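Working notes, beginning with the structure itself.
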Amino acid sequence: MADLKRFLVRRAVTFIPTIIGVTLITFIIAFVIPANPARAWAGGIKADPHVVATIVKEYHLNDPWYVQYYFFMKGILTNSIVDPLFNYKVMSYMLARFPITFQLTLFALFFLIVLGIPLGIISALKKDTVIDAFVRVWALTGVSVPIFWLGYIFIYVFFYMLGWITVAGVPYPKVHITGIPIIDALLSGDWTTFAENIKRFILPGFTLGFAGIGIIARLVRNSFLEAINSDYIYFAKMRGLRNRRVFMHALRNALVPVVTVVGLQFGGLLGGAPITETVFGIPGMGRAMVQAIFNMDFPVLIAGTLLAALIFVITNLVVDILYAIIDPRVRF
Amino acid sequence: MSSEARREPLIEVENLYVYFYTYAGVVKAIEDVSFTIYKGETFCLVGETGCGKTVVSRTLTNIVPPPGRIVKGKVIYHRDGEEVNIIKLSEEELRNIRGKEIAYIIQDPSAALDPLYVVGYQIAETMVDHGTVKDFKEGFGRAVRLLKEVLIPDPERRVKAYPHELSGGMRQRVVISMGLSNEPKLLIADEPTSYLDVTVQAQVLDLLRELKGKKGLTVLLITHDMGVVAEMCERVAVLYAGNIVEVAPVDELFKRPKHPYTVGLLRAVPNPLTEIEKLESIPGTVPNLIKPPSGCRFHPRCPHATEKCRREKPPLIRVGPSHYVRCWLYAGKGEEVSRSE
Ligand SMILES: Nc1ncnc2c1ncn2[C@@H]1O[C@H](COP(=O)(O)OP(=O)(O)O)[C@@H](O)[C@H]1O
Ligand code: SF4
Ligand SMILES: [Mg+2]
């Protein structure tokens with residue numbers, strides 16, 4: 001336990017440079033863009049010069065870059081910076097969108113696990129058969145097909161042609177517990193809202209998870225094959241263990257590396273899925289970021305980057321802790 | 001050794017052939033191997049690395065790994081007065097024998113244990129799956145006693161240790177305790193000490209000998225080390241390139257070795273209690289078994305090889321009461337037999 005504490009402190013210390021690095025890079029990219037954000041915020045070509053001047057002063061736009069960076073970061077972290085375009089507090093705005101992104105990620109994760117893992121095991125057990133080839137093709141397609149194209153094809157088939165699902169909008173239950181609509185609906189037993197959420201998120205979740213499913217399946221396949229060909233599995237058979245127990249030994253060993261990859265994918269998706277959210281009109285953090293880019297809304301952009309980076313390092317940490325729990329050889 | 005007449009066979013391997021069907025071709029790993037293991041004895045299989053000792057041991061419960069297959073022969077197991085041919089049994093019947101009636105100790109104890117489970121669990125499951133304890137609770141209790149029996153200090157604590165928390169010698173003791181857990185009729189120890197430090201090797205051999213005396217176990221001991229043979233065994237079969245070339249009681253073999261390969265093996269060990277890894281006194285290596293040498297498989301390395309040796313497979317000849325040798329040098333000096341004991 002003392003080990004765990006030391007580990008957490010050590011990791012927390014490394015968080016800070018990571019977060020600063022990521023946000024700084026985003027900031028500098030925004031900073032060097034040859035555009036005049038103040039004028040864009042004030043209304044474009046016909047902007048009132050007085051308003052522009054006020055904005056420049058308010059947002060320190062004529063100050064050196066490090067002053068600007070400090071101002072933005074401080075404003076975001078203390079939730080005091082107000083969006084120049086829409087007048088809301090930037091951090092509150094992004095945080096309000098987090099539950100939606102979280103819900104979308106949950107759906108993607110669901111597919112990753114319930115499809116990726118069994119497909120991987122089946123293709124390991126039926127190595128070099130049609131199923132194995134199918135998974136191989138899926139993995140290859142998943143990483144090569146653009147996600148927006150896939151999203152539009154799915155919408156065309158399942159919404160337009162078949163009418164099985166609903167797109168756009170997020171129905172909220174009356175009760176507010178976690179802020180995540182589907183979980184609140186589940187907790188309060190609001191089955192209508194629960195079903196509505198499933199209808200709206202199942203396709204975007206599948207789209208978002210599509211590439212990952214193939215990757216996880218291949219990973220599970222290879223690590224399962226490695227496990228069943230290991231000496232301890234052979235020795236387990238030599239000891240006359242029951243088939244089910246031999247299988248469990250192989251499975252548990254095979255899943256050790258999978259936990260890491262699933263965890264990292266989860267962390268990556270949680271930062272917002274810009275393309276999927278835009279294609280399906282889901283009001284999450286990813287779509288907010290895309291809109292912010294179009295509007296040159298730098299505060300939102302940097303806040304989004306900060307949140308994504310924070311979420312990623314935290315999930316990373318959780319994955320490392322989980323890893324040490326499932327694999328006794330790993331020490332903090 | 002007790003009188004010949006009272007010896008009761010436990011396992012009889014008869015004219016066994018095992019081939020591996022690889023992409024490169026058919027590996028004729030084991031050809032025409034016969035031997036008998038009698039109840040209560042320690043029988044040794046000795047030979048250089050790659051000559052087929054492990055494969056032979058795995059035929060005894062028909063667990064040769066693919067692409068290997070037993071293509072011919074019998075493995076007769078004398079099971080409570082009944083004779084069963086292991087090769088004919090179903091997977092489930094074999095599972096009931098493996099680890100319960102015929103148990104294994106394998107070479108590399110580090111690879112033998114699942115890294116994710118405590119050793120107590122792994123010892124217990126060996127008993128739970130054979131119904132020799134009723135549940136894991138009883139299994140853990142038995143595991144503690146077994147660990148004590150294999151001389152692991154502080155067994156109450158060690159039973160909850162993960163494999164990586166134990167030393168190599170300790171892990172081999174855990175593997176031995178698994179082998180003993182169901183009180184097997186036959187314990188097969190496949191080079192139980194070759195992955196261990198020299199000092200630990202002696203301890204593990206001592207332990208095996210002591211357990212054998214205490215429990216009246218029958219042991220098949222596999223080794224490439226003539227020193228271990230001298231120390232542990234009652235009868236020995238010498239294996240070369242998938243053939244048994246000589247079978248004899250241990251003192252007979254050391255005093256009157258017949259086969260040129262055995263003679264070479266013994267010359268490599270001036271003092272049978274020293275450790276030897278490579279057999280430098282016999283030049284050459286074990287041949288490729290996809291295209292094994294014609295006639296006698298040993299002829300490319302044999303100082304006495306003749307034209308006949310290169311052309312024809314030598315017969316098995318009984319040169320003494322329990323002494324068999326497969327070599328043309330002894331043709332006419334004993335009775336030709338189809339299998340050794
Ligand atoms: N998986 C395998 N594939 C192909 N050939 C094998 C395999 N396992 C064993 N063999 C063959 O069987 C021979 C004997 O192997 P083994 O019984 O492991 O030798 P030993 O235990 O005496 O060192 C090897 O030389 C090799 O030719
Ligand atoms: S049969 Fe010939 S080659 Fe083979 S061991 Fe005897 S003498 Fe040597
Ligand atoms: Mg071997």
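These figures come from a predicted structure and were not determined experimentally. Letters A, B, ... mirror the listed sequences (proteins, then strands); counts begin at 1.
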So what's closer than 4.5 Å to chain A heavy atoms on [X]: side chain, backbone, both or neither?
X: B:V118; result: neither
X: B:Y104; result: both
X: B:Q122; result: both
X: B:T61; result: neither
X: B:P65; result: both
X: B:A112; result: both

When you measure from the side chain of [X] to the backbone N and O of [Y], does any donor-acceptor pair fall under 3.5 Å?
X: B:H130; Y: A:R239; value: yes
X: B:D114; Y: A:Y232; value: no
X: A:Y234; Y: B:I63; value: yes

Can you name the nearest heavy-atom pair linking [X] to [Y], along with the distance?
X: A:M248; Y: B:Y117; result: O-OH, 4.2 Å
X: A:P328; Y: B:P115; result: CG-O, 3.4 Å
X: B:L116; Y: A:I326; result: CD2-O, 3.7 Å

Surrounding [atom1] of [X] (heavy atoms of other residues, nucleotides or ligands, distance under 6.0 Å), is the total greater than 12?
X: B:N85; atom1: CG; answer: yes
X: B:E165; atom1: CD; answer: yes
X: B:K74; atom1: NZ; answer: no
X: B:E82; atom1: CD; answer: no
X: B:K137; atom1: NZ; answer: no
X: A:F110; atom1: CZ; answer: no

What distance do [X] atom [atom1] and [Y] atom [atom2] have between them, rounded to the nearest 0.5 Å?
X: A:D327; Y: B:Y162; atom1: CG; atom2: OH; answer: 9.5 Å
X: A:R245; Y: B:D129; atom1: CZ; atom2: CG; answer: 4.0 Å
X: B:R98; Y: A:K237; atom1: CZ; atom2: NZ; answer: 9.0 Å
X: A:M238; Y: B:I105; atom1: CE; atom2: CD1; answer: 10.5 Å

Point to revise | Atom group of A:I233 that falls short of 4.5 Å from chain B, counting heavy atoms | key: neither
